[in-house]
Amino acid sequence: MVDSNLQRENILPSERAFAYKMKLEAMKRQGERTDLQEEGTSRQVVGKLEAADVLGQDTGESGRQVQRFIRLTNLIPELLDMVDQRQISFNPAVELSYLKPEEQKNLIEAMDFTQAAPSLSQAMRLKKLSQEGNCSLDDMCEILGEVKKGDLERVAFKSEQLRKYFPKSYTPKQMSDVILKLLDQWQKKHQRDKAR
């Protein structure tokens with residue numbers, strides 16, 4: 001079942017992570033690999049990296065990449081869903097998997113407050129703070145609230161700033177559409193006034 005799951009073309013990161021984890025655990029329980037003996041070796045598969053390397057050979061991934069996928073199984077379900085939905089990128093997610101479950105819950109709150117997902121460098125800093133025992137919700141909000149390189153040309157508003165102008169039922173996309181429509185009308189009016 002695990003092997004057929006891994007062969008699917010569109011497999012979610014979470015599915016791949018749990019499939020690798022199950023397969024690796026099965027390999028460790030199996031102990032010695034008989035197919036390796038056929039090649040003239042009789043080494044035992046011991047240690048995480050060695051077993052992950054063998055699994056990687058079977059699946060076309062490096063042992064390191066297999067381990068990185070397995071790390072995702074340490075994420076709380078809400079964060080893992082965000083990885084599957086591509087709201088959080090794979091590499092930052094691996095770093096975030098080192099946060100304690102309570103810190104991961106705080107991270108969701110910080111992401112909601114800042115309307116931002118962590119970049120790789122931000123995730124690495126959060127991991128370091130966690131390892132030092134200093135990863136508070138305030139620290140997370142501060143780090144996620146920083147302007148990222150790609151955002152230098154971007155204008156952003158917090159949804160609380162805009163909510164008072166829109167019905168509660170409006171989605172962020174609907175609010176954005178209305179704002180752009182109003183700006184378009186304002187620009188046309190400005191150009192007409194200038195032409196007079």
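This structure is a prediction, so every number in the text was calculated from the model and none was measured. Index from 1, following the sequence.
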**Message:** I'd like to know if the side chain of Arg71 reaches the main chain of Val94, judged simply by a donor and an acceptor atom lying under 3.5 Å from each other, with no hydrogens or angles considered.
**Reply:** no
**Request:** With sequence neighbours left out, write down each residue that passes side-chain contact (heavy atoms from CB on, under 4.5 Å) with Pro77, or none if nothing qualifies.
**Result:** none
**Request:** For Ser136, enumerate each residue passing the side-chain contact (heavy atoms from CB on, under 4.5 Å) test, keeping only those at least two apart in sequence or located in another chain.
**Result:** Asp138, Asp139
**Message:** Suppose the criterion is salt bridge (Lys or Arg N to Asp or Glu O under 4.0 Å): which pairs have a residue in residues 112-132, not counting sequence neighbours?
**Reply:** Glu95-Lys127, Arg125-Glu146, Lys128-Glu132
**Prompt:** Considering residues at least two apart in sequence or located in another chain, which fulfil the side-chain hydrogen bond (donor to acceptor under 3.5 Å, both in side chains) criterion with Asn74?
**Reply:** none
**Message:** Restricting to side-chain hydrogen bond (donor to acceptor under 3.5 Å, both in side chains), what partner residues turn up for Lys189, sequence neighbours left out?
**Reply:** Asp193
**Prompt:** Residues two or more places apart in sequence or in another chain: which of them pass side-chain hydrogen bond (donor to acceptor under 3.5 Å, both in side chains) with Asp184?
**Reply:** Lys188
Please report, to 0.1 Å, the donor-acceptor pairs under 3.5 Å made by any side chain of residues 78-88, with sequence neighbours excluded.
unit_1	atom_1	unit_2	atom_2	d
Asp84	OD1	Ser14	N	3.0
Asp84	OD1	Ser14	OG	3.2
Asp84	OD2	Ser14	OG	2.5

**Item:** Pairs meeting criterion ring pair (Phe, Tyr, Trp, His ring centres under 6.0 Å) with involvement of residues 74-97, two or more places apart
**Value:** Phe69-Phe90
**Request:** Please name all residues satisfying side-chain contact (heavy atoms from CB on, under 4.5 Å) with Thr171, sequence neighbours left out, ordered by chain then number.
**Result:** Lys173, Gln174
**Partners meeting side-chain hydrogen bond (donor to acceptor under 3.5 Å, both in side chains) with Glu61 (sequence neighbours left out)** = Tyr20
**Asked** Under 3.5 Å, side chain of Ser62 to main-chain N/O of Gln65, donor-acceptor pair present?
**Response** yes
**Prompt:** Which pairs pass ring pair (Phe, Tyr, Trp, His ring centres under 6.0 Å) with one or both residues in residues 172-196, sequence neighbours excluded?
**Reply:** Trp186-His190
**Request:** Could you name each residue pair satisfying side chain to side chain donor-acceptor pair (under 3.5 Å) that touches residues 98-110, not counting sequence neighbours?
**Result:** Glu103-Ser130
